[in-house]
Every structure is written in structure tokens, then in C-alpha cells.
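Quick notes on the structure that follows.
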Amino acid sequence: MRIHYLRPFAGALSLCALAACSGDDSSSSQQQSGTIAVSATATPEATTAVAALAQTETTASTNSFASFDFANGTKLPPKATLSIGAAVFKPDASVAYVPVTLNQATPNTVIARVITVNGSGTNRAISGYDYKATEDVVIFRPGDPLTKTVSVPILDVVDGQQFSLKLREAPWGANQGTASNTVTADAGATATAPATWGFRNPRTFRSYGTLQYQMTKETMRWSDVGWSGAWATQLSHGRAQPANGETGLYLDESLYPWVEAPLRYTDEGLVFHTQNLWSPITYNGTAYSYGAVVLSGHNTPATQIGYGQYEWVAKMPNRRGAWPAFWLISTSGWPPEIDVYEGFGYQSYWDFDRHISATIHGGNGGGWRTFQRGSNIQAEQAYGLSGFSQGYHSYAVDIGPEYITWFVDGLETYQSVNPFRGHRWYPIMDVAVKTTGSYTDGSGDMIVKSFRAWQN
């Protein structure tokens with residue numbers, strides 16, 4: 001159902017550089033390590049080199065939530081609380097290290113934007129003169145130590161000068177604790193030490209299951225309700241989702257032959273075409289003025305997996321009001337749900353070329369959601385990823401018995417402890433429509449170049 005109330009994540013930042021990582025690349029821990037972190041402004045060659053290094057070094061990691069009772073996917077461990085700590089540094093230091101801490105182990109990736117702020121009063125330190133203005137993204141992954149440090153370059157300070165580090169907004173994946181704290185030059189105090197051990201770099205996507213399904217132009221089929229050899233052109237509960245506020249009707253050309261083809265194969269891939277209908281279509285008593293499009297695997301067992309990996313390669317639309325998504329529903333009913341990617345084009349903040357999201361929804365399959373958790377981030381800032389409507393990009397998820405891990409262009413962008421152990425999943429790919437406007441700007445089409453599923 002994909003009902004989300006997520007806040008935007010905006011502003012220009014760089015990835016917090018931290019060293020000495022540790023992790024685990026087993027399918028159960030869903031972790032992978034390296035020894036250096038990647039700057040969001042790093043060259044592609046540097047990023048590739050770091051990713052290769054991260055692949056080569058693995059050590060054991062423990063899952064803090066292995067004994068947690070997920071109550072058949074209806075409960076999730078509580079969020080950690082993130083705080084900015086006070087820091088001190090020597091007046092002759094070249095760097096001040098400011099702690100960012102979690103109060104407990106996190107069951108999911110935590111992402112926080114931080115920024116330096118000038119001091120106040122007679123001892124204020126000023127950016128550009130006394131210290132270098134710093135904006136960072138701090139990322140905690142499950143299994144990471146509970147303290148990281150932000151490095152602020154010091155230019156020229158005297159004893160007693162101070163500035164602050166603060167959160168730009170509430171962190172993703174954690175509760176907000178102390179949102180701002182002071183950084184002080186103090187010749188008589190012990191300087192705050194850098195956090196340099198125990199962190200891990202993002203994993204890189206790889207398939208380690210057996211290839212179970214691959215979409216090709218020759219084998220791809222779809223029909224009204226779907227069957228073992230064809231995807232359904234409607235959801236398991238029908239062709240509309242008014243409870244989501246959607247204004248588009250999921251079309252099938254065989255049922256509505258006068259509309260523009262909602263699905264067609266081209267040399268680029270499978271086109272999901274949305275449209276402003278020249279005449280409304282009434283469905284279940286409601287008139288719909290927009291055409292949406294969906295392919296659901298709920299009646300196509302070859303597309304369904306338990307533990308394993310899904311990967312889409314696609315180019316996103318950029319039309320305001322388009323709502324593209326790759327998502328998974330439990331074969332036992334909704335919820336639970338795993339959203340691999342969503343593009344909230346009906347939100348004014350959403351930038352199709354820079355934003356990504358990932359979400360899980362908990363529940364027992366009876367139609368009632370018990371929790372929702374995820375991230376909605378400006379990927380260019382956090383991971384150096386962008387251009388999602390300009391070209392083809394990979395969107396993948398790895399579902400293991402302990403962790404679920406999300407990837408964009410092969411780079412880990414989110415991870416959550418898996419509360420849905422034992423569930424089996426079917427995939428959905430769609431472009432919903434949620435607008436009452438003209439729906440004519442840009443492109444309302446998503447093009448899927450490839451789709452594969454691997455079963456562990």
C-alpha cells in the first residue's frame with residue numbers, strides 16, 4: 001500500500017570520513033567491511049578502489065538483536081537515540097573531533113546531517129577565520145560502535161574560543177537526543193579523541209543465490225490477473241488504491257483498448273507509461289482521470305523468493321505526481337512489505353535525480369500495519385549517487401535471515417535487522433499517479449531494463 005509520511009533530506013554535504021572498519025559478509029549477518037570510508041566528492045576511481053578494498057577484508061560481527069522477539073513480523077526493536085556531544089581541543093591543534101553518539105545499538109541504519117555554527121559572546125570562534133565551516137553526513141550501520149566523530153579543521157584559535165556542532169534536522173532511523181553541543185579550545189583539558197575503530201564501509205551488492213527469474217523481452221508476459229507464466233496488470237486487491245490518495249487507475253490495454261499502451265517493450269527496456277486520460281474511466285464507482293501502470297508477481301511463483309536477492313535496472317520518470325516503486329509483499333498477505341525504492345513525485349521536495357528511499361512495514365498479514373521504518377535521503381549528499389531519471393541505475397535488496405540490505409548502483413544505502421524471518425515475497429513494479437494537476441511536465445514513464453531474482 002506504500003502509505004508513507006517521510007520528511008525531506010536536503011542540503012549539500014560530504015560523507016563523514018571514518019577509518020578502521022570491521023564487519024562480516026555472511027548471508028546471515030549481511031555485513032561487509034573495509035578499512036577506509038568514501039567521501040561523497042571522491043572520484044569514481046577512488047570510490048571503485050575503496051569498494052574493492054572493502055570486499056577483501058572481513059571479520060566476524062555479532063547481531064545485537066538475534067534473540068529479539070519480532071512477534072512474526074509485528075514488532076521491531078526500538079530506535080536508538082542520537083546526540084551531539086561536547087568536545088574540547090588544544091588551541092594549537094589542526095583538527096577538532098566532535099562526538100556523535102547513539103545511546104544503544106541500532107537495528108537499522110541511522111543517517112544524520114550535521115553542521116558547524118559560529119560561537120557566541122566574547123569567546124566566539126568564526127568560520128573561515130578560526131575554524132573551517134563543516135557539513136557532514138554521519139552514518140551508523142547495524143553493528144557499528146556507538147560513537148563516531150566529525151572532524152572540523154582548525155585554522156587559528158586562542159584558548160577559550162568556542163563554536164558548535166548541531167543537527168540540521170532530526171536524524172533518519174533514530175530518535176533525536178541532544179541536537180547541538182559546544183566545541184571549545186582548552187589548553188588545560190584532555191582533547192576529545194577521534195573515533196577510529198570498529199566501523200564498516202557500505203557493502204557492495206552481489207548475488208550469491210541461484211538465479212530463479214530473469215526478465216527478457218522474449219519471455220516477459222502480462223495479463224489481467226496474471227498466472228504462472230505472466231505478471232498481473234493489477235494488484236492483488238484490484239486496479240486502484242484510493243486509500244493512498246492515488247488518482248490513477250492501473251490500466252491494461254486489453255481491458256481499455258482506447259488508452260495509450262501502458263506497457264510496451266522497446267530497445268531500451270520495458271516501458272511503464274502513465275498518462276492523463278482524454279476521458280475519465282470509472283472503476284468501483286470512482287472516475288479516474290489518470291492512467292497508472294503496475295506489474296505484480298502475486299500469481300507468478302517463479303518471481304517469488306524467501307531469502308535471496310532482487311535487482312532492478314531502471315530509469316525513473318521525473319513528472320510531478322508520478323510515484324514509481326519497486327516493492328515486495330509477503331505471499332501470506334499485507335503487511336509485511338519491503339519497499340526497495342519509491343519516488344515520491346507528489347511531494348514538492350522530491351528530486352527524482354537525487355532522492356532515494358527504503359522502507360519496511362510490519363504486520364501480521366491482516367491488513368493492519370504495526371510499524372513503519374526506513375529512510376528518505378538525498379543520495380547525492382550521502383553516497384555520491386544521482387541522475388536517476390537521466391540514465392539507468394540499479395536498485396537491489398538482499399534479504400537474509402538476520403538483515404535486509406538495500407543497494408543503489410551496487411552500494412549499500414540502508415540496512416535493517418530482518419523482522420520477517422520465514423516470509424516469502426512476491427515483487428511489484430509500478431508507477432502510480434497521485435495528482436490533480438495537468439500531469440504533463442517531464443516524463444511520466446519508467447523504463448525497466450532488467451529484473452532478476454535469486455533464491456538462497
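These values consider heavy atoms only, across backbone and side chains, with no hydrogens, waters or symmetry-generated copies.
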- Query: Quick check, are the ring centers of W312 and Y341 under 6.0 angstrom apart?
  - Reply: no
- Message: Please find the pair of heavy atoms, one from T436 and one from Y290, that lie closest to each other, and give the distance.
- Response: C-OH, 3.1 Å
- Query: Does T109 reach the side chain of W406, with side-chain heavy atoms less than 4.5 Å apart?
  - Reply: no
- Give the intermediate values and the outcome of side-chain contact (heavy atoms from CB on, under 4.5 Å) for residues L328 and I399. CA-CA 11 Å; L328 311 174; I399 306 168; 3.7 Å; yes
- With a 4.5 Å limit on heavy-atom distance, are the side chains of T233 and L295 in contact? yes
- Item | Expected output: side-chain S223 to main-chain G226 donor-acceptor under 3.5 Å | yes
- If you round to the nearest 0.5 Å, how far is CD of Q304 from CD1 of I329? 12.0 Å
- Any chance you could lay out the side chain to side chain donor-acceptor pair (under 3.5 Å) test for S207 and R452, step after step, and finish with the verdict? CA-CA 10 Å; S207 58; R452 292 180 292 178; over 6 Å; no
- Message: What's the separation between atom CG in N284 and atom CZ in R239, rounded to the nearest 0.5 Å?
- Response: 11.0 Å
- Message: What I'd like to find out is whether the side chain of I428 reaches to under 4.5 Å of the side chain of S296, using heavy atoms alone.
- Response: yes
- Task: Determine the sole option in V110, I139, I111 for which the side-chain contact (heavy atoms from CB on, under 4.5 Å) test with W172 is passed.
- Result: I111
- Message: I'd like to know if the side chain of S83 and the backbone of T178 have a donor-acceptor N/O pair within less than 3.5 Å.
- Response: yes
- Taking the six-membered ring where the residue is Trp, are the ring centres of F68 and F70 under 6.0 Å apart? yes
- If you look at every heavy atom in Q176 and P171, which pair is closest and at what distance? CB-CD, 3.9 Å
- Task: Might you work through the side chain to side chain donor-acceptor pair (under 3.5 Å) test for H423 and S330, ending with a clear yes or no?
- Result: CA-CA 6 Å; H423 281 268; S330 171; 2.8 Å; yes
- Message: Any side-chain to backbone donor/acceptor pair from Y383 onto Q378? Under 3.5 Å, distance only.
- Response: no
- Main-chain N/O of A240 paired to E246 side chain as donor or acceptor, under 3.5 Å: no
- side-chain contact (heavy atoms from CB on, under 4.5 Å) between W454 and I305, intermediate numbers included: CA-CA 7 Å; W454 294 268; I305 67 172; over 6 Å; no
- Which atom of M220 lies closest to which atom of M429, heavy atoms considered: CE-CE, 4.1 Å
- Is the closest side-chain heavy-atom distance between Y426 and T300 below 4.5 Å? no
- Will you find, in the side chains of D430 and W327, an N or O donor that is under 3.5 Å from an N or O acceptor? yes
- Side-chain donor or acceptor of N103 paired with backbone N/O of A80 under 3.5 Å: no
- Test log, rule side-chain contact (heavy atoms from CB on, under 4.5 Å), inputs L146 and L102: CA-CA 5 Å; L146 301 184; L102 298 180; 4.2 Å; yes
- Message: Within the structure provided, determine whether K434 and Q347 are in side-chain contact (heavy-atom separation under 4.5 Å).
- Response: no
- Note on the structure: On a heavy-atom basis, the closest approach of P301 and S228 is CD-CA, 4.0 Å
- Query: Under 3.5 Å, side chain of N276 to main-chain N/O of S438, donor-acceptor pair present?
  - Reply: yes
- Message: Can you confirm whether Q309 sits close enough to F407 that some side-chain heavy atom of one is under 4.5 Å from a side-chain heavy atom of the other?
- Response: no
- Message: For V100 versus F140, what's the shortest heavy-atom pair and its separation?
- Response: O-CZ, 3.3 Å
- Do you know the tightest heavy-atom contact between P262 and L251? CG-O, 3.9 Å
- Go through the steps to decide whether W425 and F420 satisfy the test ring pair (Phe, Tyr, Trp, His ring centres under 6.0 Å), and finish with yes or no. CA-CA 10 Å; W425 306 93; F420 311 129; 5.6 Å; yes
- Task: State which residues pass side-chain contact (heavy atoms from CB on, under 4.5 Å) with D351; sequence neighbours excluded, sorted by chain then number.
- Result: D353, R354, H355
- Message: According to salt bridge (Lys or Arg N to Asp or Glu O under 4.0 Å), does anything in residues 210-223 pair up with another residue at least two apart or in another chain? List the pairs.
- Response: none
- What's the spacing between F205 CZ and S394 OG if we round to 0.5 Å? 6.5 Å
- Query: Is there a donor-acceptor pair closer than 3.5 Å between any side-chain N or O of R421 and the backbone N or O of P401?
  - Reply: yes
- Message: Strictly distance-based, threshold 3.5 Å: is any side-chain N or O of R369 a donor or acceptor partner for the main-chain N or O of P335?
- Response: no
- Message: If I take atom CG from residue L76 and atom CZ from residue R373, how far apart are they, to the nearest 0.5 angstrom?
- Response: 4.0 Å
- What is the distance from atom OG1 of T247 to atom OH of Y439, rounded to the nearest 0.5 Å? 8.5 Å
- Query: Are the side chain of D252 and the backbone of Q234 linked by a donor-acceptor contact shorter than 3.5 Å?
  - Reply: no
- Salt bridge between R168 and E135, side-chain N to carboxylate O under 4.0 Å? yes
- Is there side-chain contact between T435 and R319, with heavy atoms separated by less than 4.5 Å? no
- Task: Would you confirm whether T274, through its side chain, and G444, through its main-chain N or O, come within 3.5 Å as a donor-acceptor pair?
- Result: yes
- Query: In this structure, which one of Y395, W231, F326 forms a ring pair (Phe, Tyr, Trp, His ring centres under 6.0 Å) with F451?
  - Reply: W231
- To the nearest 0.5 Å, how far apart are CD in Q455 and CG in L211? 11.5 Å
- Item | Enclosure of W258 CH2 (heavy-atom neighbours >12, cutoff 6.0 Å) | yes
- Item | Evaluation steps, side-chain contact (heavy atoms from CB on, under 4.5 Å), between H393 and L385 | CA-CA 10 Å; H393 297 263; L385 302 169; over 6 Å; no
- Query: With a 4.5 Å heavy-atom cut-off, do V259 and I281 have their side chains touching?
  - Reply: yes
